2 protein chains.
Amino acid sequence: MMDRTDRKILIALQQERQNTKEIAAKVGLSVTPTYERIKKLEQQGIIKGYVALLDREKIGKRVVAYCQVTLLKHQKGLINTFEQEIQTFPEIMECHHVSGGFDFLLKIAVSDIKEFHQFINEKLSVLEGISNIHSSFVMNSVKESTAYKL
Amino acid sequence: MMDRTDRKILIALQQERQNTKEIAAKVGLSVTPTYERIKKLEQQGIIKGYVALLDREKIGKRVVAYCQVTLLKHQKGLINTFEQEIQTFPEIMECHHVSGGFDFLLKIAVSDIKEFHQFINEKLSVLEGISNIHSSFVMNSVKESTAYKL
DNA sequence: GGTGATTACAGAATTATATTCTTAAATGGA
DNA sequence: TCCATTTAAGAATATAATTCTGTAATCACC
């Protein structure tokens, strides 16, 4: 299983991908065992992969919104269809099926309000079975991390 | 500025960090110009960094919730204090100041419902100026990406 | 407490990749 | 067209990843 050292490695790698030597120094081991631990975490699928994070503003995505979507009825077929359609829209970064007052929470990133409007009108609201869409625009992302507490 | 090739590079790196040779093959360039383009994108801050993504279940975070937080009043002081406190809680992965029916949208990841309950009661709700907290639990993450459309 | 098996560690050796350097080709105004 | 600037490619070098080998620590079992 996973010990204290593995957790230290994961904490470091969640912050920033670093070379083995740097990680080794942080966890107090030599390069080889550190390397082997990282490989093992990757093989076990605990580390799913490594990705580049981009600066949202610099690539011109000026609008981020969270959309609360309510479906007409909670039929399995309707939900499955919705979930499949969602995958094909690159504007949708995240889609979570949630409990509570609505069914799905979507994270949307687009260039401007015009594109957002188009997306809602021409892509999202035309999907079958949608009852309601309520959008909240992100004015400021106070904290934005991919790291889990370990 | 950024051309078609740079975009291809960013698309690839947002999916998975790859070595220069692989990226070079994908964009149809040799290693050197590809390398220099990646470095330039990093220096410009378009690429903010590279992080490891972990398997949530495998590290034992069984509960993810989105919390809608409403403050008592929209005073700058109150908002600033709230935003600072938020930073110190590792259970909070994201915190967005949003428009609409509530003020902040928080993404919370914890081990179990007990820990969630403790977090809400002992950490979040005790913060000064909080009027209301409404939580939606994630039952299934249909799509979960860090990649922006390019 | 001893003992064999297993696991974890470290340093050297090797391989692969990143980075730099040099030169040539392409591009874009004046 | 010509000069300046940018972009590309291949070779050379530096750095990091990966493998290999031997040693120490750990642990179940006696």
Side-chain angles (χ1 to χ4, degrees), chain A residues 1-61 90 111 144-150, chain B residues 1-61 90 111 144-150:
Chain A
M1 261 285 80
M2 225 170 67
D3 64 4
R4 178 169 187 68
T5 304
D6 285 332
R7 261 189 295 278
K8 276 191 198 172
I9 289 173
L10 293 177
I11 289 168
L13 290 178
Q14 280 193 116
Q15 288 307 124
E16 176 74 23
R17 176 70 159 120
Q18 305 158 61
N19 63 35
T20 316
K21 201 196 288 184
E22 286 177 295
I23 300 284
K26 281 180 190 166
V27 302
L29 283 177
S30 68
V31 170
T32 305
T34 305
Y35 171 80
E36 283 167 349
R37 279 168 180 270
I38 294 171
K39 282 296 143 186
K40 193 173 176 187
L41 290 165
E42 288 169 6
Q43 280 162 8
Q44 289 175 136
I46 292 173
I47 295 174
K48 287 195 296 184
Y50 304 89
V51 298
L53 299 181
L54 308 191
D55 187 296
R56 183 173 65 75
E57 304 262 357
K58 287 185 177 158
I59 58 168
K61 298 297 164 192
S111 297
E144 211 167 7
S145 170
T146 56
Y148 292 102
K149 172 190 178 186
L150 290 168
Chain B
M1 263 283 83
M2 226 169 66
D3 65 5
R4 178 169 188 69
T5 304
D6 286 332
R7 261 189 296 277
K8 277 191 200 172
I9 290 172
L10 293 178
I11 288 168
L13 290 178
Q14 281 192 115
Q15 288 307 124
E16 177 72 25
R17 176 71 158 119
Q18 305 156 62
N19 63 36
T20 316
K21 201 196 283 184
E22 287 177 295
I23 300 285
K26 282 179 190 167
V27 303
L29 282 177
S30 68
V31 169
T32 305
T34 305
Y35 172 79
E36 282 167 350
R37 279 169 180 269
I38 294 171
K39 283 295 142 187
K40 193 172 175 188
L41 290 165
E42 289 169 6
Q43 280 162 6
Q44 290 175 136
I46 291 172
I47 296 174
K48 286 195 294 183
Y50 303 90
V51 298
L53 299 182
L54 308 191
D55 187 295
R56 184 172 64 75
E57 305 262 357
K58 287 185 177 157
I59 57 167
K61 298 297 164 193
S111 297
E144 211 168 5
S145 170
T146 56
Y148 292 102
K149 172 190 177 188
L150 290 169

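Letters A, B, ... mirror the listed sequences (proteins, then strands); counts begin at 1. Only a predicted model underlies this, so the values are computations on that prediction, with no experimental measurement involved.
The phosphate of C:dC9 has OP1 or OP2 within less than 4.0 Å of a side-chain N or O from A:Arg37. Note on A:Tyr35: every side-chain N or O is 4.0 Å or more away from OP1 and OP2 of D:dA17.
The side chain to side chain donor-acceptor pair (under 3.5 Å) check on A:Glu16 picks up nothing, with sequence neighbours excluded. Checked against salt bridge (charged side-chain N to carboxylate O under 4.0 Å, His left out), A:Arg56 has no partners two or more places apart in sequence or in another chain.
Using a 4.0 Å heavy-atom cutoff across all strands shown, A:Thr20 reaches sugar-phosphate atoms only and no base atom. Counting non-hydrogen atoms under 4.0 angstrom, A:Thr32 reaches a base of the nucleic acid.
Between atom CD1 of residue A:Ile46 and atom CD1 of residue A:Ile9 there is a gap of 11.0 Å, rounded to the nearest 0.5 Å.
To the nearest angstrom, P of C:dA10 lies 15 Å from CD1 of A:Ile23. To the nearest angstrom, P of C:dT17 lies 14 Å from CD1 of B:Ile38. Between A:Asn19 atom CG and D:dA14 atom P the separation is 18 Å, expressed in whole Å. When the P atom of C:dT7 is taken as reference, atom NZ of A:Lys39 falls 21 Å away, rounded to whole Å. As a whole-Å value, the separation of B:Tyr50 OH from C:dT17 C1' is 14 Å. For A:Asp3 and D:dT26, the CG to P distance is 13 Å, given to the nearest whole Å. Rounded to whole angstrom, the span from the CG atom of A:Leu29 across to the P atom of C:dA8 amounts to 11 Å. The separation between A:Met1 atom CE and D:dT26 atom C1' is 19 Å, rounded to whole Å.
At a threshold of 4.0 Å, the pair B:Lys48-A:Asp55 does not count as salt-bridged, since none of the basic side-chain nitrogens sits closer than that to a carboxylate oxygen. With respect to the salt-bridge test (charged N to carboxylate O, under 4.0 angstrom), the residues A:Lys39 and A:Glu42 qualify.
Residue A:Lys21 is the one, among A:Lys21 and A:Glu36, whose nearest nucleotide of DNA chain D lies closer to the 5' end (criterion: closest heavy atom).
The side chain of B:Pro33 lies closest to D:dA8, out of C:dG11, C:dT17, D:dA8.
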